S.K.: 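Here it is: the structure, laid out below.
All values reported here derive from a predicted model rather than from experimental measurement. Starting from 1, each residue takes its place in the sequence as its number.
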Amino acid sequence: MADEAVAEPASQNPQKPQSPREPQGSRSPDAPPRGGERGGKRGGDRGDEQAQDEADAHDGPEAGDDEAAERAKERERAADRIKDLTRDPLAEEDGEDGPTDLAAAARARRAGRKLLTSGRDFTSFDRSRIGHAHIGDINVSLDARRSGVAMRGGPVPEEELRRLRRAHVEPAGYVRLRRALESRRLLVLGGAPGTGRTSTALALLDEVTRDGAGDGGRVRRVDPHQGEGVRGLVGEVNGGEGGEGGEVGERRGTGYLLELALDRPGTLPPDEMDLDQLASTLAAGDAYAVVVVSVGSAANPLLAGRYGMVCPPAPSQELVTVRLRERLEEARDHESLEHAARLAEDPEVIEAVGLDDLRPAEAELLASLLAEHLLGSLTREELLSGCRSIAAVQAHEWFAGVDRALAAPSSGDGRTPVRSATAALFHPVAFRIALAVLGGGSHSAVSAAAHLLTWELSVQSDPDSTPSRPLFCDDPESDRALSRARSDDGAIDVAGTEVTGQLIFYRGSALPAAVLAEIWDRHFPVRAPVVRWLRLLADDPRPQVSVRAAVAAGELSVRDFEYGFGELVRPLAEASSPRRRVFAATALDQVAGHASHRKAVRKVVDDWSRYGTASLRWTAAMTLGHGRAADSVDAALDALARIGVRDQGRQLAVASLNVVRLLTLPECATVLRRLGQWAEHRREEYQDLALVTIVRLATTGVDEVLDDEPGTPLGDRGDWPLLLALAVTRPELTGTLADLLWTALNTARSRDVAFDALEALLRSASRGERGEGGERGERGERGERGERGERCEGGEGGERGEGREGREGGDRMRPGLAALLPALTSDEHDRQQLEWLLRRMMRDQDRPLTTEQASALWRLAVPARQRRSDEEESHG
């Protein structure tokens, strides 16, 4: 196309096709692509339809007209069928044009896999004996602290206080806590269990009572079950009531530690008046008291009052260093401390621990493990196994006996509700499970899922009662503290685009899998409500919820495949909803990621592809597209072809989608070779499978089908059409890609959608179809702007024009067209078709292609030497 010709779109071109929808050289709808000039794909007789029409004319005008009209109708029906098959097969439940976000689903799946399969071996630690385990010569006490159970009352030995002074690491804000205690005599200290809040309380009392005297001990623990909590402590300070006796003078200068369990159903926090009375009593007796409570909705009024303060956690690195020094000093090995510090920073050790920060007991355990390894008592494998146990211990403490309080009798004091608040009890537990499944997603999604699970757990525990839950008692800060979670701003997929929102994560890569393993392996009654909950999540329209839940379902199924397959995978694989079948396919692929279960998954998928119902075949096709459910890529292609051609191609659309997904694998050349074989097959169903797959390849974005993280050649081109990305990253396959696209462009029944796909590719480089929203337009027929496409003329409300980001996106994709177009337009006829398409794009009333853009595309397609040769021929 000469530049001056582009400037005159209305000029006559004797070789241009007469119909804008029927470029010259169209083929018979039933004729397979013929072999020819290049690799058996190009050339052939381009005049089949015209010759047949002339032959019909010799038989008689009326007969020829009738047969020509019938053939035209047949061609139209075939073209409509191909067009229908190129639509998104996952959008069936929302209507034939309903949108789905494959890119968001792919990102959610990658995030879920990264969250739950970080290379950790959770079976290396013997979880069946988690309550009492020996690692080398270390006796690890792993008994979980029971909810609401505190130590017995009595004096704290001076030896324990001396050790505390030597080993305690002050958290940030410790001085502020001490000053508050000194000035008010009473401190309500809030913190999550295991964060060192009790040690901090003892350290504070030890400091403020240094000058205290008394035979009963200057620091005393108060049993919360003796008396009435704070009211009982008032009596204890006044005269030792309920304690060990003694007069007020004997208790002057004493510090009291009281741990309140407010998470038990029916337990009410003390009133502000009770705290004032206690403070007054303490001042009269020159005494001090620290009341330790767990953060949560029940403790919020206490922590917000005049006596309340939150206890920050101690720094992890200092904790480990102090504990290491203790261990090595006990062993009289003073030269290994520097070596131990380096070992603690070993990447393999850090990954095995899998926690962002350690709590005091965990730091002590890690220090013991490191010290024993340095002293030769533990092998490196035993060291790593012990490190992996730390997260398992935390999960065990979170869930062991959590509902034991439901069986406890009520106090009968008249203030306790008659009915236990099961929902309030189970919400922290449900939040931890929801965070394990949906971690990395939005905080609102995790919270909503946690409330759903709270309902299921409450109904399972108390089926005769309707669970009730206060509506204004949620506390995000408490949820994070009780679940060792953190939040951060990040990108959230909403309606096919990304927006900034608040994401939530566990503070450690080991906790999600440890939580799932704990509830699945050690608490069998929990499985039923969790399965019901996961089925609810499978229906969620947000990929960040449904896909992440599917990945978690796969991990749970690995731990008990019989149960997971029977309760989760198989029922959803037979569902009528495509979303549920995608859930089952994703879970199956996650199971196939484990070598121990891969053979079983492959057998299941192969049986479904051969003998299954239509729903099971559909699910098998979606599983095969991930690339791990068959022995080889050839076997996966065989199964997909078997599914696609069965029943007159009823499931050809989903089969073609998953053939495209296989093109992101290293065996891409094998997939392209098979597409060529299908295109030349005698059966029309195989030809259609090839044609639909080729068109889908041109209209599918890399980020819709890619499993790799950014940083790979394809991953760095997530906003590219897959066809262009392959042409750049696999240049040896460019000729094959061009030949396949040429086949679709020159086959009558796929010609229209193929030209629409080529137009979308051209626009992607000329104007940057993927702009600031990550959307791509021009999918489907010319009058339709795609399932998620937008107009690209510019303006407001998300319509993108030739802005800087759009031009940069187009400029990045130009190398793909520069590689593909010359191979696609190797002869005069192909260049005529390209010229016709460019002119059609220039005449588009909605978004006309400019002369400069058309000329630039023409120069990409036709090298300068070829343009000079064409000009010489035209002037000769």
S.K.: Quick one: do Glu381 and Arg388 satisfy salt bridge (charged side-chain N to carboxylate O under 4.0 Å, His left out)? Show the steps, please.
M.R.: CA-CA 11 Å; Glu381 185 56 38; Arg388 294 186 186 103; 3.8 Å; yes

S.K.: I'd like to know if the side chain of Gln544 reaches the main chain of Ser442, judged simply by a donor and an acceptor atom lying under 3.5 Å from each other, with no hydrogens or angles considered.
M.R.: yes

S.K.: Any ion pair linking Arg81 and Glu684 (charged N to carboxylate O, less than 4.0 Å)?
M.R.: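 Between Arg81 and Glu684 there is no salt bridge, as every charged N stays at least 4.0 Å from the carboxylate O atoms.
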
S.K.: Examine distances only and state if a side-chain atom of Trp678 and a backbone atom of Ala690 form a donor-acceptor pair shorter than 3.5 Å.
M.R.: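 Checking the backbone N and O of Ala690 against the side chain of Trp678, no donor-acceptor pair under 3.5 Å is found.
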
S.K.: Kindly say whether Gly439 contributes a backbone atom to a donor-acceptor pair with the side chain of Arg548 at under 3.5 angstrom?
M.R.: yes

S.K.: Would you say the side chain of Asp830 lies within less than 4.5 Å of the side chain of Leu834, judging by non-hydrogen atoms?
M.R.: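 Leu834 does not reach Asp830 side chain to side chain.
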
S.K.: Ignoring hydrogens and angles, tell me if any N or O in the side chain of Arg617 forms a donor-acceptor pair with the backbone of Gly612 under 3.5 Å.
M.R.: yes

S.K.: Output yes when a side-chain donor or acceptor of Thr734 lies under 3.5 Å from a complementary backbone atom of Ala727, and no otherwise.
M.R.: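 Between the backbone of Ala727 and the side chain of Thr734 there is a qualifying donor-acceptor contact (under 3.5 Å).
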
S.K.: Does the salt bridge (charged side-chain N to carboxylate O under 4.0 Å, His left out) test come out yes or no for Arg559 and Glu555, once each step is laid out?
M.R.: CA-CA 7 Å; Arg559 311 200 72 85; Glu555 284 298 304; 6.0 Å; no

S.K.: Here's one to test your reading of the geometry: is the NZ or CZ of Arg581 within 45 degrees of the ring axis of Trp618 and under 6.0 Å from its centre?
M.R.: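 Arg581 over Trp618 ring: yes.
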
S.K.: Below 4.5 Å, heavy atoms only, C-beta onward: do Leu662 and Asn658 meet side chain to side chain?
M.R.: no

S.K.: Does a side-chain N-to-carboxylate-O contact under 4.0 Å join Asp606 and Arg602?
M.R.: no

S.K.: Could you tell me whether the side chain of Leu384 reaches within less than 4.5 Å of the side chain of Val349, counting heavy atoms only?
M.R.: yes

S.K.: For the backbone of Val558 and the side chain of His597, can you confirm whether one donor and one acceptor N or O come within less than 3.5 Å of each other?
M.R.: yes

S.K.: Supply the atom-to-atom distance Leu706 CG to Arg109 CZ, rounded to the nearest 0.5 angstrom.
M.R.: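 Answer for the CG-CZ pair, Leu706 versus Arg109, is 10.5 Å.
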
S.K.: Indicate yes or no: does Arg674 engage Asp638 in a salt bridge with an N to O separation below 4.0 Å.
M.R.: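 Salt bridge: yes.
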
S.K.: Could you check whether any side-chain heavy atom of Val601 comes within less than 4.5 Å of a side-chain heavy atom of Val604, counting everything from C-beta outward?
M.R.: no

S.K.: Counting N and O atoms only, with roles assigned by atom type, does the side chain of Arg598 sit under 3.5 Å from a partner on the main chain of Gly593, one being a donor and the other an acceptor?
M.R.: yes

S.K.: Ser656 versus Leu689: any side-chain heavy-atom pair under 4.5 Å?
M.R.: yes

S.K.: In the structure I gave you, are the side-chain heavy atoms of Glu667 and Asp634 within less than 4.5 Å of one another anywhere?
M.R.: no

S.K.: Evaluate whether atom CD of Glu732 has more than 12 neighbouring non-hydrogen atoms of other residues, nucleotides or ligands under 6.0 angstrom away.
M.R.: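 Yes - once you tally the heavy atoms of other residues, nucleotides and ligands closer than 6.0 Å, there are more than 12.
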
S.K.: So does Arg610 get a backbone contact from the side chain of Arg646, meaning a donor-acceptor N/O pair under 3.5 Å?
M.R.: yes

S.K.: So do Asp752 and Ile82 actually touch side chain to side chain, heavy atoms under 4.5 Å?
M.R.: no

S.K.: Whether the side chain of Arg696 engages the backbone of Leu85 through a donor-acceptor N/O pair (distance < 3.5 Å, no angle test) should be reported.
M.R.: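 Side chain of Arg696 to backbone of Leu85, a donor-acceptor pair under 3.5 Å: yes, one is there.
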
S.K.: Between His681 and Tyr686, how do the two ring planes meet: parallel, tilted or perpendicular, split at 30° and 60°?
M.R.: parallel

S.K.: Take a 6.0 Å sphere around CZ of Arg650 and say whether it holds more than 12 heavy atoms from other residues, nucleotides or ligands.
M.R.: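 No, because the 6.0 Å sphere around CZ of Arg650 holds 12 heavy atoms or fewer from other groups.
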
S.K.: Below 4.5 Å, heavy atoms only, C-beta onward: do Arg380 and Asp346 meet side chain to side chain?
M.R.: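 Yes; the side chains approach each other to less than 4.5 Å.
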
S.K.: Where the side chain of Ser750 meets the backbone of Ala744, is there a donor-acceptor pair that is under 3.5 Å apart?
M.R.: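 Side chain of Ser750 to backbone of Ala744: a pair is present.
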
